[in-house]
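Here is how names work: the chains are called A, B, and so on, in the same order as the sequence lines, proteins then strands, and each is numbered from 1.
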Protein chains: 2
Amino acid sequence: MFKPVIPVRAYERVVEQIEQAIVEGDLQPGARLPSERDLMTQFGVSRSTIREALRVLQSNGLVRSRPGDPRGPEVLGVSAVNLHNSMNRLARATMSLGELLQFRMLLEGSAYRLAALLRSEEELAEMEAALAEMRAAVDDGYSAFSAADVTFHDAVARATQNKLVVVCSDVVRGVVLDLIADRLAHADDQRALMLTYLRHHTEVLQAIRDQDGVRASRLARQALHDSYASYLPEEQRAMLAPLLD
Amino acid sequence: MFKPVIPVRAYERVVEQIEQAIVEGDLQPGARLPSERDLMTQFGVSRSTIREALRVLQSNGLVRSRPGDPRGPEVLGVSAVNLHNSMNRLARATMSLGELLQFRMLLEGSAYRLAALLRSEEELAEMEAALAEMRAAVDDGYSAFSAADVTFHDAVARATQNKLVVVCSDVVRGVVLDLIADRLAHADDQRALMLTYLRHHTEVLQAIRDQDGVRASRLARQALHDSYASYLPEEQRAMLAPLLD
DNA sequence: TGGCATTTGTACGTATGTATC
DNA sequence: AGATACATACGTACAAATGCC
């Protein structure tokens, strides 16, 4: 019959109103909010309340305020930074390596399929460049190699033209690499590892070049499985098998 | 040689430290933070600074503080609510229906494959129950039908045992349904629509029953495409085709 | 049960460094 | 270069709410 009453703080209502104005498009990116002093008169609350609201909006990437700027806080618009942060946090704090790898295989499997068929020539060139960089970095050690690897995967994700694919791929790849970073650092033969990765990437890029989505997807999933399954505890390996052909 | 200096606010360093303690597990859910006054002495900053930090943490779902609680702010731990919120915001504010459908086909295509092979008998029973509910709700109107539909999809997502699959599916499905809600409400023959959905769900559930992941995946993607592609502007339909067999 | 101590929510004032015109 | 307006940060104060005895 009756619903529990949740007290709504003053700063929350300030956040609500400003956030809505930004999401609805009434406040375009680049626009300026009134100064904190103006906001306190407009909302009829104290400066602290306004500041708490602005901090929340800022942590969500919606606005940015700099000291001394007479034009007031800047509207940044809706960005992916907060999504990135919260997904990162959830992944690191609550997900097993198996769960993450499963999601990465699921995501990249389809992303590579899409990328193979939707890519432009410019995007293909970016991937080629990243692969060349990887090849060149084999002798420069693993960290340089890994940076080029990230560039490659990012180019593929961006070729899908799908914002959620880009963000999810980026986050999940980052967390997975972090979780096994120490084991990679102590690998017996880093060079052999890099050469294996290089072969995988070369094959999948050929499939993307050929616009063969099904092959690109299969290669991507298989490569992920082959590269990382050995780092998994025995009982988590079964989660990955259903995603292989 | 030198990198640009980004000013780090006092409250950000407070957020960093507390957030890290929560994500690393040093602060378990249910634990209590020191009172604001204690925090200001421990961090050596003013109370406003502490409060701004707490607001940010609270908006990220990591802590909750209630007025008058002598035990101090409560640690909630890392949950998916913030991920849910930020993904929702990004999807609604910046993504086209085509982009969302593309992601949904990508995600559910693999999710159904996983669910078919990893589901337990209990999870299968949940899906059966949800489908029965849908069947019964055909005569109760679209909103009741849709609620049962959500239950079905959620049961499938949870059967994957993958937190990111659950959250992403939930968000994307919600936004897609919202975007076409008005067009569904004015559909000429809602009953025929519901019967079509019902047939799709019956087929895909049979595939899950048979543990035929490939078939479940293909049926799920095809059903999404058949159900929603007509709501897309012409130029966005090409984005979906690469995800069909 | 009621009262007390403590905590949070909010408001206001002030000093300081900074960006813009 | 100076004036102005701004955000940052600190401190104090008081009301409302909570938990505990």
Side-chain angles (χ1 to χ4, degrees), chain A residues 2-19 21-22 27 29-77, chain B residues 2-19 21-22 27-76:
Chain A
F2 296 113
K3 293 179 181 175
V5 171
I6 299 156
V8 178
R9 312 267 172 259
Y11 86 95
E12 289 187 63
R13 288 194 299 219
V14 175
V15 169
E16 268 173 33
Q17 290 197 45
I18 299 180
E19 176 172 331
I22 295 177
L27 285 171
R32 298 300 182 137
L33 255 46
S35 75
E36 295 185 359
R37 286 173 183 79
D38 287 346
L39 287 172
M40 56 185 273
T41 66
Q42 290 189 35
F43 285 104
V45 296
S46 81
R47 185 105 184 269
S48 339
T49 303
I50 293 293
R51 288 179 59 75
E52 288 170 20
L54 286 177
R55 296 272 110 114
V56 171
L57 291 167
Q58 185 159 21
S59 94
N60 289 3
L62 292 169
V63 305
R64 173 179 55 185
S65 51
R66 287 181 311 161
D69 194 333
R71 295 168 300 184
E74 182 183 2
V75 175
L76 296 179
Chain B
F2 296 113
K3 291 179 184 176
V5 171
I6 299 157
V8 178
R9 312 267 174 262
Y11 85 97
E12 290 187 63
R13 288 196 297 218
V14 176
V15 169
E16 268 173 33
Q17 290 196 47
I18 299 181
E19 175 172 333
I22 296 177
L27 285 171
Q28 292 290 329
R32 298 299 181 137
L33 255 43
S35 76
E36 294 183 359
R37 284 177 182 77
D38 286 346
L39 286 172
M40 60 184 271
T41 67
Q42 289 190 36
F43 284 103
V45 296
S46 76
R47 190 147 93 101
S48 334
T49 304
I50 293 293
R51 289 181 56 75
E52 288 168 20
L54 287 177
R55 294 276 106 112
V56 171
L57 292 168
Q58 185 159 22
S59 93
N60 288 359
L62 292 169
V63 305
R64 173 179 54 187
S65 50
R66 287 182 314 161
D69 194 333
R71 296 169 298 183
E74 182 183 2
V75 175
L76 296 178

Would you please name every residue forming a salt bridge (Lys or Arg N to Asp or Glu O under 4.0 Å) with A:E16, sequence neighbours left out? none

Output the residues of residues 54-62 of chain B in contact with DNA chain C, where contact means a heavy atom of the residue under 4.0 Å from an atom of the strand; sort by number or write none. B:R55

Could you tell me how far apart B:E52 (CD) and D:dT8 (P) are, to the nearest whole angstrom? 8 Å

Could you tell me which residues satisfy side chain to side chain donor-acceptor pair (under 3.5 Å) with A:R55, sequence neighbours excluded, listed by chain and number? B:E52

Tell me every residue that passes salt bridge (Lys or Arg N to Asp or Glu O under 4.0 Å) with A:E36, counting only those two or more places apart in sequence or in another chain. A:R47, A:R51

Under the salt bridge (Lys or Arg N to Asp or Glu O under 4.0 Å) test, which residues partner A:R37, sequence neighbours left out? none

Residues forming a side chain to side chain contact (heavy atoms under 4.5 Å, CB included) with B:P70, sequence neighbours excluded: none

I'd like to check the salt bridge (Lys or Arg N to Asp or Glu O under 4.0 Å) partners of A:R9; sequence neighbours left out, ordered by chain and number. none

For A:R13, check side chain to side chain donor-acceptor pair (under 3.5 Å) against everything at least two apart and list the hits. none

List the residues meeting side chain to side chain contact (heavy atoms under 4.5 Å, CB included) with B:Q17, not counting sequence neighbours, and say none if there are none. B:F43

Sequence neighbours excluded, which residues qualify as side chain to side chain contact (heavy atoms under 4.5 Å, CB included) partners of B:L33? B:I18, B:L27, B:L54, B:V63, B:P73, B:V75

How does protein contact run along nucleotides 13-21 of chain D, one letter per nucleotide 5' to 3', with B for base contact, S for sugar-phosphate only, - for none, heavy atoms under 4.0 Å? B---BBS--

Its 5'-most and 3'-most nucleotides having an atom under 4.0 Å from a non-hydrogen atom of chain B, DNA chain C is contacted over C:dT7 to C:dT10

